[in-house]
J.: 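Have a look at this one before I ask anything.
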Amino acid sequence: MKKVAMVAAAAAMVLPLGLGVIAPAAGTTTALAATKTAAKKTTYNLKSVKTLKKTAYHVKAGKPTLFSGAFAADKAKVTFAKKGNLKTGTTYYATKKIVVTTKATKTAKAKTMTCVYVKTANNKVKGWVALGNLTAGKATAKKATKTAAVKKATAKKTTTKKAVKADKATGKTYTLLKAKNLKKTAYHFKGTAPVYFTGKFAADQAKVTLTKKGTLPQSKTYYATKEITVKQNKKNVKYLYVTNNKTKGFVQANKLTAGAFMAAD
């Protein structure tokens, strides 16, 4: 009985800070209960009470429950009511510690739990939480790290796109051996879609620069209106200038088959 009185007295001196008015266990209320009714409450036996040097903690994973606590004035008991949840990425500072026990039943033994009173630096979040759900030390700036990683990935992606675009935009210049206009002639292709190029002709010499523009769409008829012959890898290679609506450019003649596209192709 003497120990109970001592623990209760210690609680009265140490714990009221930030907890509101302490009421008898029979009529236990909390600051949270004053604003949120029907909060589920659990009463524990108060085994020990201790004031701590301000210590930093953080949540490593999950969302531990945060409780408000009401301490009995004449008994070594504390009643917890859920107040909210703690989150990762935030530093909480512990200033008090208590050890509580559950009441033994016919089917379960009494259990001991250590809880600490924590609050954020701005005092907007405060309450009791099981110590086992916390990790000592300040929270690391994971968000900043993640942002840096995203920025790095985005920069890499942008660089890759630029490299692909630059490669696509780089043309090759060939000696122009022959060029002539054609009577509009239908062509199509079978198998893999061939590449088509834009052509830029030099003004003062027999040169043409072919730059990759894309690949011809499938199942279409293309109409050739011009033909050029260039010196490519020491060979004479023919290109046809073909069009189909918005698709137009030079295609190697040997990639095409004469005649309009038929579904049977």
Side-chain angles (χ1 to χ4, degrees), residues 1-140:
M1 195 64 187
K2 185 177 180 181
K3 181 179 179 182
V4 170
M6 290 177 65
V7 172
M13 291 186 290
V14 174
L15 299 171
L17 297 176
L19 297 176
V21 178
I22 295 179
T28 300
T29 57
T30 65
L32 178 66
T35 56
K36 293 184 180 180
T37 59
K40 187 177 180 180
K41 302 173 184 178
T42 305
T43 299
Y44 297 95
N45 293 318
L46 188 60
K47 190 174 181 181
S48 65
V49 181
K50 184 179 181 181
T51 299
L52 300 176
K53 180 180 178 181
K54 189 176 180 181
T55 308
Y57 285 95
H58 66 278
V59 177
K60 195 169 185 179
K63 297 180 179 180
T65 301
L66 182 71
F67 299 93
S68 59
F71 294 83
D74 56 350
K75 296 179 181 179
K77 292 185 180 294
V78 59
T79 299
F80 284 155
K82 183 177 178 180
K83 191 175 183 180
N85 297 90
L86 300 186
K87 60 182 180 180
T88 57
T90 300
T91 299
Y92 300 93
Y93 295 94
T95 55
K96 309 176 185 74
K97 181 174 77 172
I98 60 174
V99 178
V100 300
T101 58
T102 59
K103 188 176 181 180
T105 64
K106 291 182 180 179
T107 57
K109 294 182 180 180
K111 293 182 180 179
T112 301
M113 177 172 63
T114 301
C115 298
V116 288
Y117 183 76
V118 298
K119 56 185 177 181
T120 52
N122 60 9
N123 289 325
K124 288 185 177 181
V125 178
K126 59 182 78 174
W128 294 91
V129 62
L131 182 58
N133 292 325
L134 301 177
T135 300
K138 293 184 177 181
T140 55

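The figures that follow rest on heavy atoms only: side chains count, while hydrogens, waters and symmetry mates do not.
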J.: Kindly indicate whether the side chain of Y57, heavy atoms from C-beta on, has any atom under 4.5 Å from the side chain of T90.
T.: no
J.: If you compare all heavy atoms of A110 against all heavy atoms of A104, which two are closest, and at what distance to 0.1 Å?
T.: N-CB, 3.7 Å
J.: If we check ring-ring contact (aromatic ring centres under 6.0 Å, His included) with Y44, which of these qualifies: F80, W128, F67?
T.: F80
J.: Do you know the tightest heavy-atom contact between K63 and N85?
T.: O-ND2, 3.1 Å
J.: Between A81 and K41, what is the shortest heavy-atom contact and its length?
T.: CB-CG, 4.0 Å
J.: Apply side-chain contact (heavy atoms from CB on, under 4.5 Å) to K138 and list each qualifying residue two or more places apart in sequence or on a separate chain.
T.: A56, T91, Y93
J.: Under the ring pair (Phe, Tyr, Trp, His ring centres under 6.0 Å) test, which residues partner Y92, sequence neighbours left out?
T.: none
J.: When rounded to the nearest 0.5 angstrom, what is the spacing between CG in L86 and CG in L134?
T.: 6.5 Å
J.: Before giving the answer on side-chain contact (heavy atoms from CB on, under 4.5 Å), spell out for V78 and V100 the whole-Å C-alpha distance, their side-chain angles and the decisive distance to 0.1 Å.
T.: CA-CA 8 Å; V78 59; V100 300; 3.7 Å; yes
J.: Look up atom CD1 in I98 and atom OG1 in T51, then write down how far apart they are to the nearest 0.5 Å.
T.: 11.5 Å
J.: Run the side-chain contact (heavy atoms from CB on, under 4.5 Å) test against T105 and tell me which residues pass, sequence neighbours left out.
T.: T107, A108
J.: According to side chain to side chain donor-acceptor pair (under 3.5 Å), who are the partners of T101, at least two apart in sequence or on a separate chain?
T.: none
J.: Using the side-chain contact (heavy atoms from CB on, under 4.5 Å) rule, take V129 and T65 through it: C-alpha gap first, then chi angles, then the decisive distance, then the call.
T.: CA-CA 6 Å; V129 62; T65 301; over 6 Å; no
J.: So which atom in L66 and which in V118 form the shortest heavy-atom distance, rounded to 0.1 Å?
T.: CD1-CG2, 4.3 Å
J.: Using modelled atom types and a 3.5 Å cut-off, is there a donor and acceptor pairing between side-chain atoms of N133 and backbone atoms of P64?
T.: no
J.: K119: which residues meet the side-chain contact (heavy atoms from CB on, under 4.5 Å) condition with it, sequence neighbours left out?
T.: T95, N123, K126
J.: Who pairs with N45 by side chain to side chain donor-acceptor pair (under 3.5 Å), at least two apart in sequence or on another chain?
T.: K77
J.: Can you name the residues that form a side-chain contact (heavy atoms from CB on, under 4.5 Å) with T114, not counting sequence neighbours?
T.: K97, V99, L131
J.: Can you see which heavy atom on G89 is nearest to which on A139, and at what distance?
T.: C-CB, 3.6 Å
J.: How far apart are the closest heavy atoms of A130 and M113, and which atoms are they?
T.: CB-SD, 4.2 Å
